[in-house]
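Worksheet for the structure shown next.
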Amino acid sequence: ERHGPIGIGTVIAALGDSITEGYHSQGFWRDDLELTPDAFPPEVASADRRNYPQYAPTTHVHRPDVNCFTSWMPRLNDLLAAAWRRPVFIANEGWGGATTAAYLKLTRDAGWQDRMRLLRPTVWLIHLGVNDERHQVAVAEFAANLAALVEVLLSEYAAAPARIFISTPCYDYWPKAAPVLQAYRQAIADLIAARGLSPGPDFFAAYAVDKERLYGTDPVHPNLAGMALMAELWAAALCAASPPTCRG
């Protein structure tokens with residue numbers, strides 16, 4: 001039996017916290033974690049069946065009834081594959097509860113390193129900050145951690161600076177959160193300018209309105225409509241930058 005070439009396309013790694021992991025998206029329990037698109041309803045997979053619910057490593061803490069989340073990756077897959085006219089795969093590397101310091105520590109985990117070396121992403125999406133705000137992390141510490149995370153991607157995974165996209169944190173309706181997140185927002189803009197990175201979506205501004213439609217039952221996690229918007233905003237940011245690995 002012979003097989004022809006398989007188009008790998010663009011591999012994207014989405015680094016973040018529980019918002020990336022997919023809380024308030026569709027959740028599933030699967031005993032067999034050798035996941036395939038056939039393990040899920042067709043409506044939660046991308047049109048090309050490359051993206052579908054992925055294993056969620058932290059659900060045992062807050063959602064022990066599920067171990068896989070859809071998140072926004074299948075929708076983003078569809079948008080980018082159509083815009084770029086090439087296959088896309090987005091790896092969900094969201095870790096619920098992660099601060100920038102915790103995510104930096106996660107990059108030293110052998111399993112995380114193995115996945116990145118196997119997947120060899122050429123585009124990186126970073127969305128962190130809300131947990132830092134909740135833990136009252138100083139702006140300078142937040143900025144230093146984020147810069148160190150970027151350095152890991154540059155030095156250890158040959159990331160191109162322009163293909164590292166950093167979004168602002170989501171809006172948090174928790175009292176007194178906004179000024180802290182505004183300061184983080186500026187620190188992110190400074191880091192992007194200093195290192196030649198690419199701006200991701202401004203989730204702070206996007207979710208500061210229409211909470212009832214876009215958020216779930218808590219002050220910070222997008223619901224299904226919010227997840228769809230998140231995919232659209234990521235797609236707009238990536239298509240505006242037109243990574244050179246992609247055709248548009």
Side-chain angles (χ1 to χ4, degrees), residues 12-21 23-24 71-72 76 93-104 106-107 123-154 159 161-211 213-216 218-223 225-241:
I12 301 171
L15 283 49
D17 51 33
S18 58
I19 299 171
T20 298
E21 192 175 12
Y23 278 72
H24 293 324
S71 194
W72 39 264
L76 180 58
E93 289 295 332
W95 192 273
T99 60
T100 48
Y103 209 95
L104 187 58
L106 181 62
T107 65
V123 179
W124 305 81
L125 314 182
I126 301 175
H127 180 195
L128 292 163
V130 167
N131 290 306
D132 291 78
E133 167 251 309
R134 290 293 182 98
H135 286 83
Q136 301 180 327
V137 174
V139 176
E141 183 180 350
F142 168 82
N145 290 336
L146 200 56
L149 176 57
V150 167
E151 186 58 36
V152 168
L153 304 184
L154 294 173
R163 298 182 202 171
I164 299 174
F165 293 76
I166 308 181
S167 76
T168 67
C170 269
Y171 193 87
D172 186 352
Y173 286 89
W174 192 267
K176 300 182 181 180
V180 178
L181 294 175
Q182 287 275 31
Y184 289 177
R185 194 181 184 201
Q186 184 58 54
I188 290 168
D190 293 344
L191 176 61
I192 288 170
R195 299 305 303 268
L197 313 177
S198 291
D202 188 353
F203 291 136
F204 180 87
Y207 293 97
V209 296
D210 215 0
K211 176 179 182 289
R213 184 176 71 87
L214 297 174
Y215 272 25
D218 62 53
V220 74
H221 288 97
N223 58 16
M227 287 279 169
L229 176 60
M230 191 160 283
E232 292 165 9
L233 293 171
W234 272 123
L238 269 65
C239 288

Tell me, do [X] and [Y] make a side-chain contact under 4.5 Å, heavy atoms counted?
X: Y173; Y: V220; result: no
X: L15; Y: L153; result: yes
X: I126; Y: L197; result: no
X: P219; Y: D172; result: yes
X: E21; Y: S71; result: no
X: Y184; Y: L146; result: no
X: P161; Y: L154; result: yes
X: C170; Y: Y215; result: yes

For the [atom1] atom of [X] and the [atom2] atom of [Y], what is their distance to the nearest 0.5 Å?
X: H127; Y: W234; atom1: NE2; atom2: CH2; result: 7.5 Å
X: I188; Y: F142; atom1: CD1; atom2: CZ; result: 4.0 Å
X: F203; Y: L233; atom1: CZ; atom2: CG; result: 5.5 Å
X: L125; Y: W72; atom1: CG; atom2: CH2; result: 5.0 Å
X: E93; Y: L106; atom1: CD; atom2: CG; result: 7.5 Å

Output yes when a side-chain donor or acceptor of [X] lies under 3.5 Å from a complementary backbone atom of [Y], and no otherwise.
X: D17; Y: T99; result: no
X: S198; Y: A162; result: yes
X: T100; Y: N145; result: no

Q: For H221, enumerate each residue passing the side chain to side chain contact (heavy atoms under 4.5 Å, CB included) test, keeping only those at least two apart in sequence or located in another chain.
A: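 H221: side chain to side chain contact (heavy atoms under 4.5 Å, CB included) contacts with S18, I19, Y23, H24, D218.
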Q: Take E141 and D132 through the side-chain contact (heavy atoms from CB on, under 4.5 Å) test and state the conclusion after the steps.
A: CA-CA 9 Å; E141 183 180 350; D132 291 78; over 6 Å; no
Q. What heavy-atom pair brings A187 and V139 nearest, and what distance separates the two atoms?
A. CB-CG1, 4.2 Å
**Q.** Taking every non-hydrogen atom, the tightest pair across N131 and G97
**A.**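 Smallest heavy-atom distance, with atoms named: ND2-C, 3.3 Å.
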**Q.** Chi angles and distances behind the side-chain contact (heavy atoms from CB on, under 4.5 Å) call for I192, F165
**A.** CA-CA 8 Å; I192 288 170; F165 293 76; over 6 Å; no
